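Notes follow the structure.
As the structure is a prediction and not an experimental result, all values here were calculated from the model. We use all heavy atoms of the structure for the numbers below, so side chains are in, but hydrogens, waters and symmetry mates are not.
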Amino acid sequence: MRKKVDRLSPEELEQAARQLLENDAELAYRRDQHRAILDHVRQRSGDLSALLSEEIAVVGEARRALLRLRVVAVLAFLVAAFLILGAALWSDGTPFRTRTANVTFASGLAVFATIAVAARWAAIRRRGVNAARELRRALVAPLRALIRLLISELEDDEVRWGGTLRTSEAPALVELHLQDTIPSRTYERLRTFIGEHESSAIGLAGARGSGKTTLMRQLRLDKDLDCHVALVSAPVQYSAVEFTRLIHNELAQVGLKPGEAALIRHRMVAPTLRAVLRTLLASVVLFFMITLWIYDKNRPVPDALDLGWAGFAAVVLGALIMGFMLSRGWVLFQSRTRLTVPPRTVRELCLQQLEFLRWSTTVERSAGAALKVGGTGFDGGGKLSRTEREITHAESVQALRQFIDQLLALSSKPVVICVDELDKLANPAEAVDAINGLKDLFHVAKAHFVLSVSTDAMHNFAARGVPVRDVFDSAFDTIIGVGPLSLKESQTLLSRRAREFSNVFVLFCHAWSGGHARDLIRTARACVDLKRELKDGEEATVALLSGRVLRKDLREVVDATVEKLRGDDRGNDRGDDRGKELLDQVLAFQESLEDESAPLRDLVEAGAFPPDAGPVAPEAQPAATLAPYARIAGLCERLFSVARPPAAWQSEAMGQAVMALAEARSSLGRHPRAIERRLQRAVDACDRV
């Protein structure tokens, strides 16, 4: 039982995988390979269990609660049986003198215990069913990804390295927040830096869509890291106090089980529905009492101490009311003392902090005195009410620091606070304020802070005179750049998201996307979409699909460049013809792209592009970088337009050419000389293939 609680059962995992193989159209595969796939799934059950540890813990807790209830139910039924047996054997027993009264009372207690146990069992079972449903739902995505990867591994080289795309459906080729993130070099750097230092402030810098959020999410899923990890997304509107409280709140929920934070919320049911339910319940109780009273009225009473069914029901109802009042009083007492009693566990500490964050506290003191003689005299009283004032940013920071210290003292686990999407802040100056506000929390013992901002946002902020780069550099112990994926990482990512996705198309997607995670997925999805649009007789070869993807993307960039240049009228207002010349050159290349028969590389070489020489207006920046973008597209078409055998696609020269193209693609936006050097290396590598 303990093994089943701590990890997924191999039998249950195999059953879920078999259902996907038999019922999921996307994962349909040769039946003779099902056994091999299921065996590999069983072998990797530990990896899936690590990904779903939180959901498994909830299911395990529900199972243990149900087991404890079974023990209590057995003991309760044994006690009830002894009571009924004793009442039947001893007519002079207690609490009543007659055997009938004793049997009636004991039977009533047994019925009441049965109802209570049944209600509790139904509640626990319902919680267990919901937890199991959530576990099955969370298991689907990583299990589907694992099956796709296993199918790709079972294919022979002729299929895996064939130049034809066999994938027709790829629902996972979108920006899903999958739990099974692939390992990367950047993540290892981030994880190592956290593990080797007592405290740290780390900056993550990279282009939008490069995977900064994925790295932070992977920290939460890494059980070997053994840290309390809170992930916070920066709000659109920044407020120093509210932002600190948001971090405080997210960190407080880390120490609770999934869904347990909802226990401290006061969720109100609709008042009309509650009133109707209470009225129905009161009507049923009243009808039941009247029925018992009529029955007892016509029944001869052998003894004055015989309560009868109506009396017994009244006693039970009174006991229920008394128990309800005591429980409500206990809850009220706990809520009043929770903020003052020192917590003894991480759970108690986190619940206390959530209470502190969500409710305001009013402290009242009252005093009274009276002097009466013979019913007359004087009395007086006084009352003092105090309500806590709004806390300042410094006080909210101090409260969060104290919470981190208490959490470390109780759990001895380091704390990692991840703040994502700082570039989402509406005002660029607020990004500087947010970083400066968080600097007060940096370098707490065993506390690590990881903040991310895109390099695109930093460049835009710098152009507007906001020194985000300087603040970002000076505030952190280290800045880790989120670089592009390697070729192997791109292959693993696409193999887990698309079944039977040819490695030749992986080479193309990696080269054209530059290893950028978001663009890699978009390029792969474009290949699958274009395959579905093929006419009868057209084969989904890499030469055909890659050419169409390149032309489609290039047209979109050219169209966007034209729109940007059309909005730049300042050159014409001051008599400068440079803007008009740029527009004419881009329009000429746009028209040449309509020729589908000409190779893309020939069109690029024949086109006249604006030179990237010196600073230009923001509207003209896309035109200045259009030339290297188009040249990379021409090189990609040249490399993948030739049909090759599987051995040629796996050659070292091909791998070097693909990586050189990816490096040139990822260098766009840098200094023109750096782009030109990488482009020349890509040209040389393609010539050697």
Non-hydrogen side-chain atoms of [X] and [Y] separated by less than 4.5 Å:
X: Asp420; Y: Leu204; answer: no
X: Glu556; Y: Lys552; answer: yes
X: Arg148; Y: Phe501; answer: no
X: Val229; Y: Cys418; answer: yes
X: Leu507; Y: Trp161; answer: yes
X: Leu154; Y: Arg30; answer: no
X: Ile632; Y: Leu668; answer: yes
X: Pro646; Y: Glu158; answer: yes

Expected output: side-chain [X] to main-chain [Y] donor-acceptor under 3.5 Å:
X: Glu250; Y: Val232; answer: no
X: Arg681; Y: Ala660; answer: no
X: Arg678; Y: Glu663; answer: yes
X: Ser641; Y: Arg638; answer: yes
X: Ser495; Y: Thr492; answer: no
X: His40; Y: Ile147; answer: no
X: Ser502; Y: Gly162; answer: yes
X: Asp529; Y: Arg532; answer: no
X: Asp477; Y: Ala201; answer: yes

How long is the gap from [atom1] on [X] to [atom2] on [Y], to the nearest 0.5 Å?
X: Leu530; Y: Leu544; atom1: CG; atom2: CG; result: 8.5 Å
X: Glu500; Y: Ile151; atom1: CD; atom2: CD1; result: 6.5 Å
X: Leu21; Y: Tyr29; atom1: CG; atom2: OH; result: 10.5 Å
X: Glu22; Y: His34; atom1: CD; atom2: NE2; result: 7.0 Å
X: Asp222; Y: Tyr187; atom1: CG; atom2: OH; result: 3.5 Å
X: Glu26; Y: Leu20; atom1: CD; atom2: CG; result: 10.0 Å

Hey, mind stepping through Leu215 and Ile480 against side chain to side chain contact (heavy atoms under 4.5 Å, CB included) and telling me if it holds?
-> CA-CA 11 Å; Leu215 292 176; Ile480 298 177; over 6 Å; no

Pick one: which of Thr523, Val658, Val549 meets side chain to side chain contact (heavy atoms under 4.5 Å, CB included) with Cys509?
-> Thr523

May I have the step-by-step check of side chain to side chain contact (heavy atoms under 4.5 Å, CB included) for Phe505 and Val528, ending in yes or no?
-> CA-CA 10 Å; Phe505 281 85; Val528 177; over 6 Å; no

Residue list, side-chain hydrogen bond (donor to acceptor under 3.5 Å, both in side chains) with Glu591, at least two apart or on another chain | none

Considering residues at least two apart in sequence or located in another chain, which fulfil the ring pair (Phe, Tyr, Trp, His ring centres under 6.0 Å) criterion with Phe640?
-> Phe508, Trp649

Partners of Phe589 by ring pair (Phe, Tyr, Trp, His ring centres under 6.0 Å), sequence neighbours excluded?
-> Phe609

Please step through side-chain hydrogen bond (donor to acceptor under 3.5 Å, both in side chains) for the pair Glu676 and Gln680, ending with a clear verdict.
-> CA-CA 6 Å; Glu676 185 61 32; Gln680 188 58 48; over 6 Å; no

For the student: nearest non-hydrogen atoms of [X] and [Y], plus distance:
X: Gly481; Y: Thr186; value: O-CG2, 3.9 Å
X: Leu593; Y: Arg555; value: O-NH2, 3.3 Å
X: Ala17; Y: Leu143; value: N-CD2, 3.7 Å
X: Cys527; Y: Leu165; value: O-CD2, 3.8 Å
X: Arg551; Y: Leu600; value: NH2-N, 3.7 Å
X: Leu173; Y: Ala498; value: CD1-CB, 4.1 Å

Is it true that Arg191 and Glu188 have a side-chain N and a carboxylate O under 4.0 angstrom from each other?
-> no

Would you call Arg35 and Asp39 a salt bridge, using N to O less than 4.0 angstrom?
-> yes

Evaluation steps, side chain to side chain contact (heavy atoms under 4.5 Å, CB included), between Gln650 and Asp157 | CA-CA 10 Å; Gln650 300 180 65; Asp157 284 350; 4.1 Å; yes

Arg496, Arg44, Arg499 screened by salt bridge (charged side-chain N to carboxylate O under 4.0 Å, His left out) with Glu153, the one that passes | Arg44

CD (Glu652) with more than 12 external heavy atoms under 6.0 Å | no

Any chance you could lay out the side chain to side chain contact (heavy atoms under 4.5 Å, CB included) test for Met216 and Lys212, step after step, and finish with the verdict?
-> CA-CA 7 Å; Met216 293 181 175; Lys212 299 185 295 297; 5.7 Å; no

Got a sec, which pairs hit ring pair (Phe, Tyr, Trp, His ring centres under 6.0 Å) with one end in residues 525-546, sequence neighbours left out?
-> none

Write out all pairs satisfying side chain to side chain donor-acceptor pair (under 3.5 Å) with one or both partners inside residues 162-171, taking only residues at least two apart or from two chains.
-> Thr164-Glu539, Ser168-Lys531

All salt bridge (charged side-chain N to carboxylate O under 4.0 Å, His left out) counterparts of Arg548, not counting sequence neighbours | Glu538

